[in-house]
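Below, chain A is the first sequence line, B the second, and so on; all start at residue 1. These figures come from a predicted structure and were not determined experimentally.
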Protein chains: 2
Amino acid sequence: MNDKRHNPSDGERVAVLADGERPTLKTIAFMAGLGVTTVSRALKDAPEIGQATKTRVKLIAKQIGYRPNRAGVRLRTGKTNVISLVLNAQSEIMGLTSNLVYGISEILAETPYHLIVTPYSPEHDPMHPIRYIIETGSADGIIMSQTEPSDPRVRYLTEHDFPFATHGRTKMGIEHPFHDFDNEAYAYAAVKSLVERGRRRIAMVAGPGPAHTYYWHLDDGFKRGLQECGATGVTVDHWNGSVSLSDVRNRTEMFMREPNPPDGIICCTGGLAVAVVAGIEAVGLKLGRDIDLVSKQTTDFLQWFRPEIIVFNEDVRHAGRELALAVLRRIEGRDPTELQSLSYPELHETD
Amino acid sequence: MNDKRHNPSDGERVAVLADGERPTLKTIAFMAGLGVTTVSRALKDAPEIGQATKTRVKLIAKQIGYRPNRAGVRLRTGKTNVISLVLNAQSEIMGLTSNLVYGISEILAETPYHLIVTPYSPEHDPMHPIRYIIETGSADGIIMSQTEPSDPRVRYLTEHDFPFATHGRTKMGIEHPFHDFDNEAYAYAAVKSLVERGRRRIAMVAGPGPAHTYYWHLDDGFKRGLQECGATGVTVDHWNGSVSLSDVRNRTEMFMREPNPPDGIICCTGGLAVAVVAGIEAVGLKLGRDIDLVSKQTTDFLQWFRPEIIVFNEDVRHAGRELALAVLRRIEGRDPTELQSLSYPELHETD
DNA sequence: TCGAAAACCTGTAACGTTTCAGTTATTTAT
DNA sequence: ATAAATAACTGAAACGTTACAGGTTTTCGA
């Protein structure tokens, strides 16, 4: 039933000890004629075990395909070998979740860690999954997104000295591991590329609203860009937060009909860009001629939608990798300040 | 440090037993003046425990916020309370992965189960993660996608009598739990809606290629539709498998320049539709006038892209829910034949 | 040659849970 | 009144691992 390779020299003893069962330390101990303790220590290269013994034990372990029992380790040591990804199940920016998951998995695949995904519905308290993980000790580290300027989760986890990394920054004066896309640089670059195309009246549709930290980074970059380029910012209010795409289209349409409409718009997600374009075209304006649009995307599709859009890419898979590395290193005890990284907007290359 | 509610009547004893520590069966046993065994059995409503005792034990458990230690249960019983979602990290149809995850989580949230996501890179053996899970016993059930007509994973898991559910069907004569979108019905409906618009020469761009089961369902529905409607099928060969979107656009363009091009095209993913439209328009044809396009999507975006596209929706979150329910019931021992479901194409309502 | 240190190995206990095989007290049947 | 049956509970053992506190040898310095 169990198709393990059959080493003639030790096959018999394995069969006696564990027929069709998973090998344990006991199995190896018996095969090597050693105590279970010795085997355990030998496998983790403890200094008090002889070199010869270590090699012998490791050889046997590899031969019979030994894998430590996670439940045993976890019960004894409290170490779960689990990273928990906590996310808001609602706000799905195209491909964000999946790429984050894939990026994280890429890193964790090389380690004993497993990835548990814990989405919470937006009507629930974002603190709930966090508390659950701490109280039940069901992970060694947490990765979370939707970071807010003053984030209660960050405070809670820091107070409990629990390893975590956030996708996005906070503004609480707490040093913690994070990875963030440099939205300030993006908004700045966006303004610049619009101005380069001769646009002077620029609006920004930021999306998430002031609850999320990156709204402010966008705002900073936008203002810096305007100032340096001497362009005019056109205020777009009450567009942010949970507004449906249809709403965004309608508001864009109304907005473009007002006197002195913008000739350049910056969007911060591909979804928004699509809706904004619909609004622009409803008024009869043509993209690239009457108005220019800049957007970033997390998945290639905007240049298919309207090739005139100026597109910047945000590599979320890379963010996943960075976040995974950050939590792992934090678990190892590294200082949070060494575990903070940004990634920068890349102008999409049209081929 | 631990902010549990402080019940004056038993607070002292808790403090003595476990100050700031998680309560265990031992804690409850001490507080109730009972043996650990009794508490364990009381909590799971065993018949040999008195009704009064049960209520008392449960009350205490709830009061002190007892949660069974997963490692303890797992070590003793082998039950992991984990469902593993195994997916191909490459082929990301927009929003498929995330919606699947969210759907599954929705169901698991009501249960003690956690969701572990195990992507494998396409250059690796799809059997690898499956074998790993079985050999290390790291989950109680598996959900997997990218199902093939003759799928070695299905065979392996069935042989090992391990609970699983597939997103997609097989053609191996093995009865196993699955959920599938009815692609036959979709292709059929797609042909019909094209014919209703007066289209007679119809092509289908199926996408994944004959390796995946649903290619054949699409093909069946396509042929049935053609026959019933008396339309002509235009063969599109060598388009399937891992072809980039740019390739699809270029091939569409070449294809549309040939004599007797189709006047109706069926796509099976939104991504393909986008590329095909680009090819169509490159030839100067206009969607809705010269040619019609039907596509399904897993995320709302096609009607933003080109409102002329006839869009069907595939609700992947629903698929996730169905798959989760199927594995859970399979774990409970339900017959696989009761755990097979289809969902049907819904014409997208334009508002 | 002796004592001490170093090198290497080991058994026991514990983590929290459930299962097994009881034990005790109470009820029922005769 | 007594045996048998039932109800209600219990301690010990086990799952696989690691930490602790030893235990033997062997080696080495004086």
Please name all residues satisfying side-chain contact (heavy atoms from CB on, under 4.5 Å) with A/Arg56, sequence neighbours left out, ordered by chain then number.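 Checked A/Arg56 against side-chain contact (heavy atoms from CB on, under 4.5 Å); matches are A/Ala32, A/Leu34.
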
A/Tyr66 or B/Val39, whichever maps to the more 5' nucleotide of DNA chain D: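 Counting from the 5' end, the first nearest nucleotide belongs to B/Val39.
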
Just to verify, which of B/Thr118, B/Leu157, B/Leu85 counts as forming a side chain to side chain contact (heavy atoms under 4.5 Å, CB included) with B/Met144?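 Option passing the side chain to side chain contact (heavy atoms under 4.5 Å, CB included) with B/Met144: B/Leu157.
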
Checking contacts here: which listed nucleotide ([options]) is nearest the side-chain heavy atoms of [X]?
{"X": "A/Thr38", "options": "C/dC9, C/dC15, D/dT17", "result": "C/dC9"}
{"X": "B/Ile49", "options": "D/dC9, C/dA14, C/dC9", "result": "D/dC9"}
{"X": "B/Val36", "options": "C/dG16, D/dT18, C/dT17", "result": "C/dT17"}

With sugar-phosphate meaning primed atoms plus P, OP1 and OP2, does A/Gly72 contact a base, only sugar-phosphate, or nothing at under 4.0 Å between heavy atoms?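 Base contact.
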
Mind checking if A/Leu25 touches a base, just sugar-phosphate, or nothing, with heavy atoms under 4.0 Å?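 Base contact.
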
Result block: side-chain N/O donor-acceptor pairs under 3.5 angstrom for residues 120-127 of chain A, not counting sequence neighbours:
{"from": "A/Ser121", "atom 1": "OG", "to": "A/His124", "atom 2": "ND1", "distance (Å)": "2.7"}
{"from": "A/Asp125", "atom 1": "OD1", "to": "A/Met127", "atom 2": "N", "distance (Å)": "3.0"}
{"from": "A/Asp125", "atom 1": "OD2", "to": "A/Arg131", "atom 2": "NH2", "distance (Å)": "3.2"}

Without decimals, in angstroms, what is the distance between [X] [atom1] and [N] [atom2]?
{"X": "A/Leu43", "N": "D/dT17", "atom1": "CG", "atom2": "P", "answer": "9 Å"}
{"X": "B/Asn69", "N": "C/dT18", "atom1": "CG", "atom2": "P", "answer": "10 Å"}
{"X": "A/Arg74", "N": "C/dT17", "atom1": "CZ", "atom2": "P", "answer": "12 Å"}
{"X": "A/Phe30", "N": "D/dG16", "atom1": "CZ", "atom2": "P", "answer": "16 Å"}
{"X": "B/Lys79", "N": "D/dC15", "atom1": "NZ", "atom2": "C1'", "answer": "17 Å"}
{"X": "A/Arg67", "N": "D/dT17", "atom1": "CZ", "atom2": "C1'", "answer": "17 Å"}
{"X": "A/Leu34", "N": "C/dC8", "atom1": "CG", "atom2": "C1'", "answer": "10 Å"}
{"X": "A/Leu75", "N": "D/dA19", "atom1": "CG", "atom2": "P", "answer": "13 Å"}

Salt bridge flag under 4.0 Å for residues A/Lys58 and A/Asp45: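 A/Asp45 and A/Lys58: salt-bridged.
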
With a 4.0 Å cut-off on N to O distance, would you call A/Arg41 and A/Glu48 a salt bridge?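 Salt bridge: yes.
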
Using the benzene-type ring in the case of Trp, are the ring centres of B/Phe178 and B/His167 under 6.0 Å apart?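 For B/Phe178 and B/His167, the ring centres are not under 6.0 Å apart.
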
Distance flag, aromatic centroids of B/His160 and B/Tyr156, threshold under 6.0 Å: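 Close enough - the centres of the two rings lie under 6.0 Å apart.
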
Under 4.0 Å between a side-chain N or O of [X] and OP1 or OP2 of [N]?
{"X": "B/Thr77", "N": "C/dT18", "value": "no"}
{"X": "A/Thr53", "N": "C/dC9", "value": "yes"}
{"X": "B/Lys44", "N": "C/dT18", "value": "yes"}

Atom pairs, N/O to N/O, protein against nucleotides 20-24 of chain D, distance under 3.5 Å?
none

Report the C-alpha separation of B/Glu148 and B/Arg153 in whole Å, then their side-chain angles, then the decisive distance to 0.1 Å, and conclude whether the salt bridge (Lys or Arg N to Asp or Glu O under 4.0 Å) test is met. CA-CA 9 Å; B/Glu148 297 173 19; B/Arg153 304 171 301 171; 5.9 Å; no

Looking at the base of D/dT18, is there any donor atom on it, or on the side chain of A/Arg76, that sits under 3.5 Å from an acceptor on the other one?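 Flag set: donor-acceptor pair detected.
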
